[in-house]
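Before any comments, here is the structure.
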Amino acid sequence: MRALILTGGLGTRLRPLTLALPKPVLPVVNRPFLEHQLLDLRRQGVREVLLATGYKPKAFAKAFGNGHRLGLKLRYAHETRPLGTGGAVRQALSFFKGTTLVLNGDVLQRLDLASFRKRHLDVRAEVSIALTRVADPTQFGLVETNGRGLVKRFLEKPSPEEVTCDTINAGAYLIEPSALDLIPPGVLYSIERGLFPELLKRGRRMAGWVSNGYWLDIGTLDKYLQAHVDGLGGAWPLPLAGLRHKGAFLLDHGARLSPRASHEGRGRVLLGPGTTVEAGARFSGSVCLGADVRVAPGAALNDCVVLDGARIGAESRLDRCLVGRNVRIGAGSVVGPGRALGDGSRLTPFSR
Ligand code: GDD
Ligand code: MG
């Protein structure tokens, strides 16, 4: 089966981290986010993938090339102006050979493709939507199904009064090429607001299939942090090959950890290639340090993400925050929960 991945969004809710890199290429536990999804597709037998790009296409080519490194045949369909999720799918019509998997490019999920596909074929659906359960569906596409699992209603970003169930669109679809006839070519069009409601109005068969695996849309700063905390905490399987284990610390190639650094509580700390952690640095929870990061003596870090090349000054304190590439945090500074420092930011010593 082939897979089309939608990766054209601007990632506005992840600014400032997405000013230099598009969301699917932003590192998650030190690999381009989409790599986790691509490797999982490959594991489940997908061999050909098309990326529908818009924002910063060169970053994708640089990260994934022709897919050879990942064991995939990877191609790109670029939009010079955004076509929306539906327009992007329509533009890729010739890629569709029979049942095709379509994925949002910003969702970390463990999808059981074989079960999803079996269900799609058993009920002879034209479109099947993977569903997940969330406490607050207002930021997602609400999907109501009937007793037989067929979709009754699809409502993108419902208001609180419109919420009737807890199943939402997980951002993974199995689509028959015939369903794409309804999308007008070459215009801005949304699958969620256009195609799905339109198919239902015409009585075409759409199925919902509840996926019980791990699921997270990494599209906001707090969810991006959560993806790391969950991965380092063991909620989804990290690619660990090539890492050295020292207690709660995972060390990549060339990383150096002082024997006088400590960790407490749940979670783990990942040190990227060439990263150095000096004496008396204290960690708690899950901390991800990119490549060539330096953590100076006495710094204290709790649940945070530090991207490549950053310097964390002595005796500074970082709590539940995100630090961009090549950031300099002066000694004695404090960076608190929810803060995100864009690439190259500088904090003078004792900043709060
Ligand atoms: N090629 C292309 N062109 N891709 C696009 C475009 C476009 O114009 N617009 C958005 N995308 C991509 C984004 O990069 C992302 O991977 C995916 O389409 C979904 O867009 P988001 O902007 O992240 O949408 P959302 O998170 O608000 O809602 C979507 O995802 C939810 C699950 O996370 C919807 O599909 C919801 O129904 C769903 O519940
Ligand atoms: Mg999203």
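Whatever order the structure lists ligands and atoms in, that order sets their numbers, starting from 1.
The shell of residues lying under 4.0 angstrom from ligand 1, judged by heavy atoms, excludes Gln91. Heavy-atom distances between Phe196 and ligand 1 stay at or above 4.0 Å for every pair.
Distance alone, capped at 3.5 Å, places no donor-acceptor pair between the Arg117 side chain and the Leu101 backbone. Between the Thr275 side chain and the Asp292 main chain, a donor and an acceptor come within less than 3.5 Å of each other. Without hydrogens or angle criteria, Ser316 side chain to Ser333 main chain gives no donor-acceptor distance under 3.5 Å. A donor-acceptor distance shorter than 3.5 angstrom exists from the side chain of Arg69 to the backbone of Ala63, with no hydrogens or angles considered. Using a distance-only test at 3.5 Å, with no hydrogens or angles considered, a donor-acceptor pair links the side chain of Gln44 to the main chain of Leu113. Side-chain atoms of Tyr55 never come within 3.5 Å of backbone atoms of Thr7 as a donor-acceptor pair (strictly under, hydrogens ignored).
Contact atoms of ligand 1 toward Leu83: 8 (O) (distance under 4.0 Å to a heavy atom of the residue). For ligand 1, the atoms closer than 4.0 angstrom to any heavy atom of Tyr173 are 35 (O). Within the listing of ligand 1, atoms 8 (O) sit less than 4.0 angstrom from a heavy atom of Pro82. Below 4.0 Å from some heavy atom of Thr7 lie the following atoms of ligand 1, by number and element: 4 (N), 14 (O). For ligand 1, the atoms closer than 4.0 angstrom to any heavy atom of Thr85 are 18 (O). Residue contact check: Ala52 has heavy atoms under 4.0 Å from atoms 1 (N) of ligand 1. Shown in contact with Lys23 at under 4.0 Å from a heavy atom are these atoms of ligand 1, numbered in order with element: 23 (O). Counting atoms of ligand 1 from 1 in the listed order, those under 4.0 Å from a heavy atom of Val107 are 33 (O).
Separation of the His120 and Phe116 ring centroids does not fall under the 6.0 Å cut-off.
When only non-hydrogen protein atoms are considered, atom 30 (O) of ligand 1 lies nearest to Asn104 ND2, 3.0 Å. Closest protein heavy atom to atom 25 (P) of ligand 1: Lys157 NZ, 3.7 Å. Summary of contacts: the protein heavy atom closest to atom 3 (N) of ligand 1 is Glu79 OE1, 2.9 Å. Atom 24 (O) of ligand 1 has as its closest protein heavy atom Arg13 NH2, 4.3 Å. The protein non-hydrogen atom at the shortest distance from atom 23 (O) of ligand 1 is Asp106 OD2, 2.8 Å. Summary of contacts: the protein heavy atom closest to atom 32 (C) of ligand 1 is Asn169 O, 3.5 Å. Atom 34 (C) of ligand 1 has as its closest protein heavy atom Glu192 OE2, 3.3 Å.
With a heavy-atom cut-off of 4.0 Å, Gln109 does not touch ligand 1 at all. Contacts of Trp215 with ligand 1, taken as heavy-atom pairs under 4.0 Å, involve the side chain alone.
Within a 4.0 Å radius of atom 37 (O) of ligand 1, the protein has at least one heavy atom.
For a threshold of 3.5 Å applied to N or O pairs, the pair formed by Asp217 and ligand 1 contains at least one separation below that value. Polar contact check, Gly8 against ligand 1: a nitrogen or oxygen pair lies under 3.5 Å apart. On a distance-only criterion, Leu6 and ligand 1 share at least one N/O pair closer than 3.5 Å. Between Gly105 and ligand 1, at least one N/O pair is under 3.5 Å apart. Below 3.5 Å of separation, one finds an N or O of Gly141 facing an N or O of ligand 1. For the pair Thr53 and ligand 1, the shortest N or O to N or O distance does not fall below 3.5 Å. Of the N or O atoms in Gln139, none lie within a sub-3.5 Å distance of an N or O in ligand 1.
Residue Leu70 holds its CG atom at 9.0 Å from CG of Leu34, rounded to the nearest 0.5 Å. A distance of 10.5 Å separates CZ of Arg90 from CZ of Phe96, quoted to the nearest 0.5 Å. In this structure, CG in Leu232 is found 10.0 Å from CZ in Arg266, a value given to the nearest 0.5 Å.
Comment: Asp122 does not engage Arg119 in a salt bridge, judged by the lack of any side-chain N to carboxylate O separation of less than 4.0 angstrom. Ion pairing of Arg75 with Glu48 is present here, as a side-chain N (NZ or NE/NH1/NH2) and a carboxylate O approach within less than 4.0 Å. By the 4.0 Å N-to-carboxylate-O rule, Arg325 lies too far from Asp308 to be salt-bridged with it.
Leu243 pairs with exactly one of Leu271, Leu251, Leu238, Leu270 by the side-chain contact (heavy atoms from CB on, under 4.5 Å) rule, that one being Leu270.
Nearest to the Mg ion (ligand 2), among the N, O or S atoms that Asp106 has, is OD2. Here the N, O or S atom of Asp217 that is nearest to the Mg ion (ligand 2) is OD2.
In terms of heavy atoms, Ala77 sits closest to Gln91 at CB-NE2, 4.2 Å.
Between the side chains of Thr99 and Glu176, at least one donor N or O lies within less than 3.5 Å of an accepting N or O.
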Quiz item: Passes salt bridge (Lys or Arg N to Asp or Glu O under 4.0 Å), Arg13 versus Asp222? Steps please.
Solution: CA-CA 10 Å; Arg13 291 165 293 178; Asp222 64 318; over 6 Å; no
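The option from Gly9, Gly84, Gly86, Ala172 that lies nearest to atom 8 (O) of ligand 1, judged by heavy atoms, is Gly84.
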